[in-house]
Amino acid sequence: MTERRIAVVSAGLGRPSSTRLLADRLSAATTAELAARELSSSVETFELRDIAHDIVNAMLTGFPAGQLRETLAEITGADGLIAVSPLFTTSYSGLFKSFVDILEQDSLNGVPVLLGATGGTPRHSLALEYAMRPLFTYLHADVVPTSVFAATDDWSGNGDQVNPLPKRIQRAGGEFADRITQRVGAHPTDPFQDVPSFEQMLRDT
Amino acid sequence: MSDILVLSGSPSTKSRTEAVLGELSQRLREHGHRVVEAPIRRLPANALVAADSADGEVRALIEAVSHAEGILVASPIYKASYTGLLKSFLDLLPQHGLTGKTVLPLATGGTPAHVLAIDYAFRPMLHSLGAEHVVPGYFLLDRLIEVSEDGVRIDAEAEQALMSVVDYFASALHRRARYAEAS
Ligand SMILES: Cc1cc2nc3c(=O)[nH]c(=O)nc-3n(C[C@H](O)[C@H](O)[C@H](O)COP(=O)(O)O)c2cc1C
């Protein structure tokens, strides 16, 4: 059984960063949900602020140099991507968008993606659907239906009581794990593994 | 007469967006406004990504925004939206940093499929910054722009439509100035 590789991109600026916190919760939920499906997984998390200068250089020159190229390959080559941004002016941050801007057009084609965003007020939850999701739709990524917004009050347990943050995270993790599990062609597989037996072929005709 | 700041979000040194903005700034000056052009790519990149609003040049542009009555916000369309470069600068403005201002959104892009980015991406962001009046914007197809040593040429039909949007912006600023004087 091959291990599934999850890449996590967090665009938080603060230290500690609630964006990073949400990213960690989402990846933990994903790992747990994959384990429940009997799949092992590894998680690698990238803080965009650590590679911000390289991202800007790539933006200005039009191509990613050296180390950044490798980092981008690791991110887009994973079996699934978790992308989390803080919301500024009801949209993704400039750094997050700069990262998306330097991705190759077809680099996330069919890749399962789980989206998250953090913000002060739950009134901005829909920014995920109206601002962030369209970027990944454009990239033809396979974005799971549930994306997770965490407002300040969610962290203290004073947020949405009907559908609290841990429940939203778990649901998103479950959907994401399903997509990762079902994804075809993600891994080089044994070409003979899926060939039906003679017995089966006779039965099917 | 009003002060207009023209922001460009293209990271490109051969930006077609910027070339067009040169023409538009001229037009706005003919309407009697004071115009300053500010390509965001000229800001020190490191300060921008570090969200360092203490940097002198970044500080100066933030102040220019706060003093202007009109802001022209232009960006090429990248991945169906404004660029990360434009957003990086706007993220540095104070909350409601466009309060009381008249704003004209403009985009250039490679496909007409993304015309609605003006209304679905630019407009909500500008409103959330508190812009008082976001006038009708314009999406200009990149292949209708020709930049050469003699300057920039825009397809005649597109240019007419673009100029009418710019003229409306100019007159909205005049109306606003008269209103401010009267009250
Ligand atoms: C990284 C990148 C992404 C782009 N994405 C889009 C897009 O999603 N939609 C579109 O209409 N044009 C897209 N384009 C084309 C540019 O928007 C268009 O050529 C624009 O006029 C460039 O403006 P500039 O010369 O001022 O930078 C993209 C160009 C680049 C370099």
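Numbered from 1 within each chain, the chains take letters A, B, ... in sequence-line order.
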Check your understanding: Should the pair R42(B) and F89(B) be classed as cation-pi, given the thresholds of under 6.0 Å to the six-membered ring centre and 45° from the axis?
Key -> no
Practice item. Report the option among A51(B), G130(B), S88(B), S10(B) that has the most heavy-atom pairs separated by less than 4.5 Å from atoms of chain A. Key: S88(B)
Exercise for review: Measure I55(A) against the heavy atoms of chain B and call it side chain, backbone, both or neither at under 4.5 Å.
Suggested key: neither
Practice item. Count the heavy-atom pairs under 4.5 Å between each of A127(A), G94(A), S93(A), S98(A) and chain B, then report the option with the highest count. Key: G94(A)
Exercise for review: Against chain A, work out which of L126(B), L90(B), T83(B), L86(B) has the most heavy-atom pairs shorter than 4.5 Å and name it.
Suggested key: T83(B)
Check your understanding: Just by distance, with hydrogens left out, do D167(B) and H31(B) show a side-chain donor and acceptor under 3.5 Å apart?
Key -> yes
Check your understanding: Between Y92(A) and Y82(B), what is the ring plane arrangement, given parallel below 30°, perpendicular above 60°, and tilted in between?
Key -> tilted
Review point. Between K87(B) and T89(A), is any side-chain donor less than 3.5 angstrom from a side-chain acceptor?
Key: yes
Exercise for review: Say whether N46(B) and H53(A), considering side chains only, have a donor N or O and an acceptor N or O under 3.5 Å apart.
Suggested key: yes
Check your understanding: If you count heavy-atom pairs under 4.5 Å between each of S81(B), P124(B), A121(B) and chain A, which one has the most?
Key -> S81(B)
Practice item. Below 4.5 Å from any heavy atom of chain A, which atoms of H114(B) appear? Answer side chain, backbone, both or neither. Key: side chain
Practice item. Kindly check if the number of other-residue, nucleotide or ligand heavy atoms within 6.0 Å of OH (Y120(B)) is above 12? Key: no
Review point. Checking A131(A) against chain B: side chain, backbone, both or neither under 4.5 Å from a heavy atom?
Key: neither
